[in-house]
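Scroll down for the structure; my scribbles are underneath it.
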Amino acid sequence: MQYQFNEIEKNWQKYWEENKTFRAEDNSVKPKYYVLDMFPYPSGAGLHVGHPLGYIASDVFARYKRLQGFNVLHPMGYDSFGLPAEQYAIQTGQHPATTTKTNIEGGVDKEGNVIPGYRNQMDKIGFSFDWDREVRTSDPKYYKWTQWIFKQIFNSWYNKASDKAEKIDDLIATFKAEGNRNVNAVTDYEDIFSAEDWNSWSEEEQRKVLMSYRLTFLSDTWVNWCPALGTVLANDEIKDGVSERGGHPVEQKLMRQWSMRITAYAERLLSGLDGLDWTDSIKDIQRNWIGKSEGASVTFKVLSPTLSKGEGDTSPKYLTGDPAISHLLLEKAKEMRANPTPAESALWQQLKGKKLDAKFRQQHPVDTFIPDFVCLDKMLIVEVDGDIHDIQQEQDQERTHRLNELGFEVLRFRNEEVLADIDTVVNKIVAVLAQRSSIKDGDKVLPSGKDLGWEIEVFTTRPDTIFGVSFMVLAPEHELVDKITTTEQKEKIEAYKKAASLKSERDRMSDVKTISGEFTGAYALHPFTGDKVPVWIGDYVLATYGTGAVMAVPCGDQRDWDFAKHFDIPILNIFKDQDISEAAYAEKDAIIANSDFLNDLPAKKAIKAAIYEIEQRGFGKGKTQYKLRDAVFSRQRYWGEPFPVYYKGEIPYLLESDEVVELPPVDKYLPTEDGEPPLARANKEDWNVDCPGDRMEYNTMPGWAGSSWYFLRYMDPTNDNEFVAKDKVDYWKNVDLYIGGAEHATGHLLYSRFWTKFLYDLGYIPFEEPFQKMINQGMIQGNSALIYKLFVKCNVTYSKFDENNIGCDTGFGSLSTKQDFFISVNKLKEIKESKANLLDLIPLDVKEELKERTWNNASHQKNNFGLKKNIGSPLDLSYFNFELSGDLVSGNIDIKYLNGDKLNIEDAAKNSLFHYLNLGIFIMDDGSLFSLRDSSPANKTGNFIVGREIDKMSKSKYNVQTPDELVAKYGADTLRCYEMFLGPLEQHKPWDTQGITGVHGFLKKLWRLFHDDNGFNVFDEEPTKEELKSLHKTIKKIKEDIERFSFNTPVSAFMICVNELTALKCNKRAILSDLCIILSPYAPHIAEELWKKLGNTESISNAVFPKHNEEYLTESNHKYPVSFNGKMRFMLELPVEMGKEDIEKEVLANEQTAKYLDGKSPKKVIVVPKKIVNVVV
RNA sequence: GCUCGAGUGGUGGAAUUGGUAGACACGCAAGACUUAAAAUCUUGUGUCCAUUAGGACGUAUGGGUUCAAGUCCCAUCUCGAGUACCA
């Protein structure tokens, strides 16, 4: 009786659907288990054999868990918003909803192509999905809740104090009551405001401030703009500088965008990884992406250009007022001098005319102020304050602070003090003057001028190396560059900036080797030593990371070292006993030297000490920095979730109603002429909601919005009141096993962790991580078929010279053969190996014909020259020259025309895509020629072998293998077992159908165990010991293998078991029943069929996975491999319970032992009971 | 460059904690059945030497630890993935 897999599989698939066999119960006494596959995007191309690989593995596991008594949730749905459907809509004008539906449910597209439909394809493979829970992200019933989550995020801020997201209402209450002074939030808002400030602001102003706190916010951001796709892309959607989808160029553009403040979660996203059962590689990728670095931020003061020249400007400057307002200041000063207070007047009498050995000026403008008295040489300011100063102390403080920054010391006296005891006042001034050095004495004193007060803030992970700083480098885009550059360097700096800006992102990335930079002419002050440090610009410093500036430590950083060497900047060595003459020493294990208070400390301690000291002295602080950027959340696209947002002017508001905002109809899926996103084409009345403002939001959400929370919706897919009911999410909790590709490491897998943590913070779900255990299935690669074509050309060159040897006519022409030549790949190899010319493959008469034709073709020149064919050389006066050449090109051919590596030429040529095969001559593997036009197929002698290449499986390579064909030919059970049998799930492997016959044969063999020629043939006899051993050995192995997610080895185990039982001619019910159960996760259809034939009425998925019985596995004897010096020589069967000494005796007594001892006596005998014996000679 | 992973027959791969390397399957070869083909079945199949008996060599390469290494350690090479001037 034959194994009719097609019929069996159809019947059981129908049975499962009708009986809802795989429905998951929301409330069950059974323990829960949640098995999830990554969300598929339903493309028109349908599934290829690579897609179901993960689904089969998860299905095996889900079915196994059911047999183990778990209530299993194993759902499937579609991430159905996305770019391809929209691109297709733009091309064909069809609504993406229509094509998406066809891609899922099957049908015929506009061009008449049959679309199989994801659902139909999956059904054919016999998955145990609970289809009642299917979700589609593009369904308004689904995206209603995506919008709802967006609203929650909009209405939240991140409280660093509690380290979680909180409601924005609480923050507003705080602002109202006490301003933001005590708020510790993740925000880009830098100012401090009071409750009064807040309450005095308009709603618009308040909303602007709140925008800086919300976890999703609108801001002008530099984004990756892809002109070809007409939208922005997230960092993870770009690979190698081009868009991941389509490979289009990407440029930087400043746009007003929604962003998600994922950076608030950077630390938790990082630390959360530790508890996850994911591969190290994925964790590493995420760690890398988050990019945490700890260190310090340090501020360097910059010297003014005058001093920076090197020699310094030592003469005190007379004009110290802000040049921008100098005329105002001078006028005011004159006015004040004319009307001094009595105290001012009294003091001036003591100070004027160098009475104190220092020249004082009265009412002299400095910066934007007019202090009462100034000594420019000693940079001392003396102020005499009246009563008015009692109520403006804050302003005075600020003024003093500013003047201090400029290098001035400020002495303040009160009116009464001066009038009461002027001598004491003067003495004080004299004392201070004596302490201060003259500006002429050194160049470290900052001269006055508006150009001061500049600072360079840098971030460093190695504050311990701060004494090794010998220069600083700014990114060419750094805002200080223009200000600090000296006039001498201006031209060079401008040229460098221009060159750097012209370099594209890709150039900058690819050209990391070239060292370039330019000196600004300015110097910074080392905060510890006070040394002058030259400030350079260089494009190895990125404007977008950190502060866009670095303190360069050439001895400890290779890039700084390279830069210093290249520009001949001194390299200070601050490491004890380290040679830095050839390269920088970047390891953190060195001892610090030449570094003041850091000397003799190991790096780790030195880092702490340095940060402490930096903080103490107030020019920096310890800081942690992340590479992770806030995630851009707007797409200028149609086919995505609309935002529940409208605008009044420029201010966005959330729609208050809970109603879903549906995608409005539009006339075209293209941007408007003003460059607005497609949704701008919809009028206000086209939307299903009332827009209370000026307009709706025109952007849509990115692809990752819907997929960031879909695993929650499966728990409660039809709930109209909540995104998921509390009791359901409390029961199902997070995903126990997640199977999918590793390509989402920095996208979906990071974003869904972010949203999960957010929903957890707000108390909606009871867990913080969405996917506890994850397995990344490897890619199944396509095995492309290549056909090689040789173009044969005859090139002719000719030259004619006149009597004076001057060329008067030259030319070039070429003709090719009438037919192309296709070459069997083995012939190509032969030629290559023998290093012969490819043209040797071409028949002589063809080459002669081509030369002849080329000669005739050149008739005009020929007659003109009066020359014969093939004569002449460049030395002759006039000549023709012929040359044959061959160009080898390869093209892909559809793998369905292959039998092994042999091409079925006749069938392939019938396909319009490969019509060119009709025009060619095939050089077969035996060297014979074949042409579809000239010879009949019967005359064909050899075979035509194609080249093979491992590629990504894709339509354009004609190497796609669909599961449907294989299911039709071998059945779903065979496909399932074969895909698992191919190798470890995680590994990448090329697809090859050759081995599938072996797996198919195994299922046929299984079928024959239950049947003979007359039909079903199973008896109730008592099983033998061997039969029980074979079965229980297999039960044990299957359980162990599945539980450690080794999906390939069980298939071998089943084969071994079936082979053994076949050899034993076992047809006993007790054995075969259990075999059916353990096989059912892999081959569910045949298992169900045989289970039914065994007399069971319920589905095998309700059966219980049998427990193996150790008793059947233990044997009385063990076959010991006996080794001599580790080399296995013979086997010796001994009783299991025999002790070590007895085994040793037995082995040494054995006659074969004598042979291997070769007369020597054994030094030592190692006996491992039930394992091995090793004799050391 | 850095990080992670992997290198086992002609091929996919197995060997779970150091204990018989190459299970299972493909492919190939020979044979059986058949008019023939397909299907099916049987046998063989790491490499080399040897008629056999048997032996030598073998898990990318070179060292090491061990009674014993595909497995552990060190160095090197190759391939794959991620990332890329991240301070």
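No experiment lies behind these values; they were computed from the predicted model shown. Computed from heavy atoms alone, side chains included, the values below leave out hydrogens, waters and symmetry copies. Chain letters run A, B, ... following the sequence lines, proteins first and then strands; every chain starts at 1.
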Under 4.0 Å from OP1 or OP2 of [N]: is there any side-chain N or O of [X] that close?
X       : N     : result
A/N1125 : B/C67 : no
A/R559  : B/C86 : yes
A/S293  : B/A87 : yes
A/Y1156 : B/G55 : yes

Using the side-chain heavy atoms of [X], tell me which of these nucleotides is nearest: [options].
X       : options             : value
A/R1129 : B/G13, B/A15, B/A56 : B/A56
A/D284  : B/C4, B/A15, B/A87  : B/C4
A/R1008 : B/C4, B/U40, B/A87  : B/U40
A/V541  : B/G27, B/A87, B/G19 : B/A87
A/L542  : B/C86, B/U83, B/G19 : B/C86
A/K1004 : B/G19, B/A39, B/A87 : B/A39
A/M1128 : B/G19, B/A21, B/A39 : B/A21
A/M1055 : B/C41, B/C24, B/A87 : B/C24
A/P984  : B/C85, B/G13, B/U20 : B/G13
A/I1056 : B/C86, B/A23, B/U40 : B/A23

Work out how far the [atom1] atom of [N] is from that of [M], and round it to whole angstrom.
N     : M     : atom1 : answer
B/G27 : B/A38 : P     : 13 Å
B/G44 : B/C79 : P     : 40 Å
B/A14 : B/A68 : P     : 28 Å
B/C28 : B/A39 : P     : 11 Å
B/C24 : B/G13 : C1'   : 9 Å
B/U16 : B/A29 : P     : 34 Å
B/U45 : B/U35 : C1'   : 32 Å
B/A23 : B/G46 : P     : 8 Å

When we call it a touch if two heavy atoms are under 4.0 Å apart, what does [X] touch: a base, just sugar-phosphate, or nothing?
X       : result
A/Y1120 : nothing
A/K1037 : base
A/K1163 : nothing
A/D560  : nothing
A/R629  : nothing
A/K1119 : nothing
A/F1047 : nothing
A/K627  : base
A/V1176 : sugar-phosphate
A/M551  : nothing
A/Q625  : nothing

>> For a side-chain contact (heavy atoms from CB on, under 4.5 Å) check, start with the C-alpha distance between A/T1034 and A/I1056, then their side-chain angles and the critical distance, and finish with the verdict.
In response: CA-CA 9 Å; A/T1034 310; A/I1056 293 167; over 6 Å; no

Any strand counts, and the cut-off is 3.5 Å on both contacts for Watson-Crick or G-U wobble. Which nucleotide pairs with [N]?
N     : answer
B/G62 : B/C74
B/A50 : none
B/U45 : B/G27
B/U35 : none
B/C67 : B/G19
B/C2  : B/G82
B/A87 : none

Please report, rounded to the nearest Å, how far the [atom2] atom of [N] is from the [atom1] atom of [X].
X       : N     : atom1 : atom2 : value
A/F981  : B/G13 : CZ    : C1'   : 8 Å
A/L982  : B/U11 : CG    : P     : 16 Å
A/N1059 : B/C26 : CG    : P     : 10 Å
A/K283  : B/G5  : NZ    : P     : 13 Å
A/W991  : B/A25 : CH2   : C1'   : 14 Å
A/D992  : B/G13 : CG    : C1'   : 13 Å
A/M779  : B/G5  : CE    : C1'   : 15 Å
A/N288  : B/G5  : CG    : C1'   : 15 Å

> If you measure from the Lys or Arg side-chain nitrogens to the Asp or Glu carboxylate oxygens, is any gap between A/R559 and A/D562 under 4.0 Å?
Replying inline: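 Salt bridge absent between A/R559 and A/D562.
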
> Are A/R287 and A/D280 ion-paired here, with the side-chain N under 4.0 Å from a carboxylate O?
Replying inline: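 No.
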
> If each of A/V1175 and A/S1046 is mapped to the nucleotide of RNA chain B with the nearest heavy atom, which maps nearer the 5' terminus, i.e. the 5' end?
Replying inline: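 Result: A/S1046.
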
Would you please indicate yes or no on a ring centroid separation below 6.0 angstrom for [Y] and [X]?
X      : Y      : answer
A/F471 : A/F563 : yes
A/F528 : A/F619 : yes
A/F467 : A/H526 : yes
A/Y585 : A/W561 : no

> Can you name the one residue among A/F1010, A/W1007, A/Y970 that meets ring-ring contact (aromatic ring centres under 6.0 Å, His included) with A/Y3?
Replying inline: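 Among A/F1010, A/W1007, A/Y970, the one that satisfies the ring-ring contact (aromatic ring centres under 6.0 Å, His included) with A/Y3 is A/W1007.
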
> On a plain distance test, is the side chain of A/N1174 in donor-acceptor contact with the base of B/C67 below 3.5 Å?
Replying inline: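 Check passes, donor-acceptor contact within cut-off.
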
>> Using side-chain hydrogen bond (donor to acceptor under 3.5 Å, both in side chains), reason through A/Y496 and A/S516 one step at a time and then give a plain yes or no.
In response: CA-CA 9 Å; A/Y496 185 80; A/S516 70; 2.7 Å; yes

> Taking the chi torsion of B/G13, is it syn (within 90° of 0) or anti (everything else)?
Replying inline: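 What B/G13 shows is an anti base, its glycosidic angle lying more than 90° from 0.
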
>> Between A/R1129 (side chain only) and A/F1124 (backbone N and O only), is there a donor and an acceptor less than 3.5 Å apart?
In response: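 No.
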
